[in-house]
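Just so you know, these numbers come straight off a predicted model, no measurement behind them. Computation of the quantities below employed the complete heavy-atom set of this structure, encompassing side-chain atoms and omitting hydrogens, waters and symmetry-equivalent molecules.
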Amino acid sequence: AQSVTQPDIHITVSEGASLELRCNYSYGATPYLFWYVQSPGQGLQLLLKYFSGDTLVQGIKGFEAEFKRSQSSFNLRKPSVHWSDAAEYFCALNTNAGKSTFGDGTTLTVKP
Amino acid sequence: GAGVSQSPSNKVTEKGKDVELRCDPISGHTALYWYRQRLGQGLEFLIYFQGNSAPDKSGLPSDRFSAERTGESVSTLTIQRTQQEDSAVYLCASSLGEVLRGLSETQYFGPGTRLLVL
């Protein structure tokens, strides 16, 4: 069965610092991977997705993620964090239509 | 254009009561999904509708849970005889439904219904 692990429950970074959120997946075939952001009181918003081609994927709000098959990872990065990036971030894996498997999320706090 | 909407935004009910949660997908989206998000956890898939095909109900946790969809529009998730462990945020999402099996499609999420069972 497929699974997604986000090892960091909570991360705190200073505004302007770089950010990396980890995501590891378990699946036997080619994964379809997504990163979502959930701000308080709002629904999930897609940041970026990977399903083929270039392993470095660019998303919205200055985020990017790199797919590494050898490490079964899809880590999310941003070179300079803004206070508005404080939110919860979810990594997800699609293997069959509708059956997205989500990680438990990483809560990002941004210090001024 | 309008996004996915859900109602009510909050629902408090007593254990044993039935509740109905509503989802209005984005117009033109043929695929619709329901998820449950317990506090501090990720999303759990519940059910998936695609056009006129039979829904994929494999994620429904018990027979107390059911969902219907009218054509390619509104969907209702019903929880009968609610239990305290049903307390969660219930999220609905929709997608175009154009891509085969929807593997790479972007899902657009509603704001969710926060359910509290006392």
Side-chain angles (χ1 to χ4, degrees), chain A residues 1-10 21-27 29-54 57 59-60 65 67 74 87-107, chain B residues 2-6 9-10 23 25-26 29-51 53-60 67 69 75 89-114:
Chain A
Q2 64 270 15
S3 66
V4 174
T5 302
Q6 293 180 245
D8 305 304
I9 297 172
H10 195 177
L21 302 182
R22 295 183 290 165
C23 173
N24 294 98
Y25 69 91
S26 174
Y27 182 58
T30 300
Y32 295 78
L33 294 160
F34 301 74
W35 272 101
Y36 292 89
V37 61
Q38 186 177 37
S39 298
Q42 299 187 23
L44 275 75
Q45 181 182 21
L46 179 70
L47 288 175
L48 47 79
K49 61 183 179 182
Y50 169 81
F51 52 95
S52 67
D54 193 347
V57 180
I60 63 171
F67 172 63
F74 188 55
E88 191 160 19
Y89 292 80
F90 292 93
C91 182
L93 167 69
N94 277 19
T95 57
N96 288 293
K99 294 184 180 179
S100 297
T101 300
F102 283 76
D104 286 342
T106 297
T107 299
Chain B
V4 177
S5 61
Q6 293 185 244
S9 53
N10 292 280
C23 172
I26 293 172
H29 281 193
T30 62
L32 186 147
Y33 316 75
W34 282 99
Y35 296 91
R36 178 172 69 180
Q37 184 178 24
R38 289 194 165 120
L39 187 65
Q41 298 184 18
L43 279 68
E44 301 171 67
F45 165 79
L46 295 178
I47 188 169
Y48 162 65
F49 295 89
Q50 172 57 63
S53 301
D56 180 345
K57 303 179 181 181
S58 60
L60 294 178
R69 187 179 187 191
S75 176
V89 176
Y90 289 83
L91 290 164
C92 174
S94 70
S95 69
L96 282 169
E98 291 179 340
V99 179
L100 182 64
R101 298 186 66 77
L103 287 170
S104 61
E105 279 202 337
T106 297
Q107 296 180 29
Y108 296 85
F109 284 82
T113 294
R114 188 175 303 275

Which atom names give the shortest non-hydrogen contact between A/Phe90 and B/Gln37, and what distance separates them?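 Of all heavy-atom pairs spanning A/Phe90 and B/Gln37, the closest is CZ-NE2, 3.1 Å.
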Rounded to the nearest 0.5 Å, how far does CZ of A/Phe102 lie from OH of B/Tyr35?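 The distance works out to 5.0 Å.
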Find out whether A/Ser100 and B/Tyr33 are in side-chain contact, i.e. whether some heavy atom of one side chain is under 4.5 Å from a heavy atom of the other. no
Does any heavy atom of chain A fall under 4.5 Å from the side chain of B/Ser9, the backbone, both, or neither of them?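 Neither part.
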Which bit of B/Leu43 is near chain A, if near means a heavy-atom gap under 4.5 Å: side chain, backbone, both or neither? both
Need one label for [X]: side chain, backbone, both or neither, based on atoms under 4.5 Å from any heavy atom in chain B.
X	answer
A/Leu44	both
A/Tyr50	neither
A/Gln45	neither

Exceeds 12 heavy-atom contacts within 6.0 angstrom, atom CD1 of A/Ile60: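 More than 12 heavy atoms, drawn from other residues, nucleotides or ligands, come within 6.0 Å of this atom.
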Under the side chain to side chain contact (heavy atoms under 4.5 Å, CB included) rule, what do A/Gln38 and B/Val89 come out as? Steps first, then yes or no, please. CA-CA 13 Å; A/Gln38 186 177 37; B/Val89 176; 5.8 Å; no
